[in-house]
Amino acid sequence: QVQFVESGGGSVPTGGSLRLSCVASGRTFSSYSSAWFRQAPGKEREFVGWVNRAGDIRNYADSVKGRFTISRDNAKNAVFLQMNNLKPEDTAVYYCAARGLNYLDRNEAAYDYWGQGTQATVSS
């Protein structure tokens, strides 16, 4: 079992930055690959990015590529999402997720463990 605590959300103007953190407790965090998803009001939850167990392979949704960066620190049981050049359409609740398999899957149903979500709001 893995439990996540997310933090780092907030409100920023267009072009601003936020850094989201997700700290895990429970089983060895390095045994899991991790992902970030987001859900905007009235929309389905969507894939944002993924990182493998070692932290050296990443994948991003086209909508955030070049602006968002996923990283992880297994010694601290944490995964991060650095979000730069934010746009109003990035406004959403952001969720971290984890699963035991170590290959990319963009489907939220593939993930076993989820954080509680943190709100990021970008004003125009």
Side-chain angles (χ1 to χ4, degrees):
Q1 190 78 10
V2 177
Q3 293 84 38
F4 287 118
V5 176
E6 297 186 41
S7 62
S11 296
V12 297
T14 298
S17 297
L18 287 171
R19 179 177 170 86
L20 307 184
S21 299
C22 181
V23 179
S25 61
R27 292 186 178 178
T28 305
F29 182 61
S30 59
S31 300
Y32 299 89
S33 65
S34 299
W36 287 91
F37 289 79
R38 67 185 181 185
Q39 187 167 21
K43 295 187 177 181
E44 295 185 351
R45 190 152 53 183
E46 65 175 2
F47 172 82
V48 174
W50 173 88
V51 62
N52 69 340
R53 292 171 184 164
D56 58 355
I57 300 175
R58 304 172 182 85
N59 185 273
Y60 299 96
D62 288 345
S63 59
V64 307
K65 199 173 297 182
R67 300 187 298 122
F68 290 13
T69 302
I70 292 178
S71 61
R72 64 187 295 161
D73 185 340
N74 287 334
K76 297 181 178 179
N77 280 2
V79 62
F80 307 99
L81 182 66
Q82 178 66 44
M83 307 189 294
N84 297 329
N85 191 21
L86 283 161
K87 305 175 181 180
E89 51 263 43
D90 295 317
T91 295
V93 177
Y94 284 74
Y95 299 89
C96 62
R99 69 187 203 134
L101 297 175
N102 199 32
Y103 59 85
L104 170 66
D105 197 319
R106 295 184 171 201
N107 188 339
E108 63 175 302
Y111 293 83
D112 302 306
Y113 306 105
W114 290 84
Q116 81 282 6
T118 186
Q119 176 72 46
T121 303
V122 185
S123 58
S124 58

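Just the heavy atoms: all of them, side chains too, but no hydrogens, waters or symmetry mates, feed the values below. All figures in this text were calculated on a predicted structure; none of them were measured in a lab. All residue numbers refer to positions in the sequence shown, counting from 1.
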[X], [Y]: one ILVMFWY side-chain cluster at the under-4.5 Å cut-off?
X    : Y    : answer
M83  : V122 : yes
W50  : Y94  : no
Y113 : F29  : yes
F68  : V51  : yes
V23  : L20  : no

Criterion ring pair (Phe, Tyr, Trp, His ring centres under 6.0 Å) on F47 and Y60, from CA distance to verdict: CA-CA 8 Å; F47 172 82; Y60 299 96; 8.4 Å; no
Output yes when a side-chain donor or acceptor of [X] lies under 3.5 Å from a complementary backbone atom of [Y], and no otherwise.
X    : Y    : answer
N85  : G15  : no
E6   : G117 : yes
T118 : G9   : yes

Check: Y111 ring centroid to F37 ring centroid under 6.0 Å: yes
Of all heavy-atom pairs between [X] and [Y], which one has the smallest distance, and what is that distance?
X   : Y   : result
A40 : A92 : N-CB, 3.8 Å
L86 : R67 : CA-NH1, 3.9 Å
S63 : R38 : OG-NH2, 3.5 Å

Distance-only side-chain donor-acceptor flag, N102 / S33, under 3.5 Å: no
Distance-only donor-acceptor check, side chains T91 and E89, under 3.5 Å: no
Disulfide (SG to SG under 2.5 Å) contacts touching residues 36-87 (sequence neighbours left out): none
Side-chain contact, heavy-atom cut-off 4.5 Å: [X] with [Y]?
X    : Y   : answer
N84  : Q82 : yes
R106 : N59 : yes
R72  : S34 : yes

Side chain to side chain donor-acceptor pair (under 3.5 Å) between N74 and R53, worked out: CA-CA 8 Å; N74 287 334; R53 292 171 184 164; over 6 Å; no
Distance under 6.0 Å and angle within 45° of ring axis: R45 vs W114: yes
Quiz item: cation-pi between R99 and Y32, 6.0 Å / 45°: no
From CA spacing to verdict: salt bridge (Lys or Arg N to Asp or Glu O under 4.0 Å), D90, K87: CA-CA 5 Å; D90 295 317; K87 305 175 181 180; over 6 Å; no
Nearest-0.5 Å distance that lies between atom CZ in F80 and atom OG1 in T69: 13.0 Å
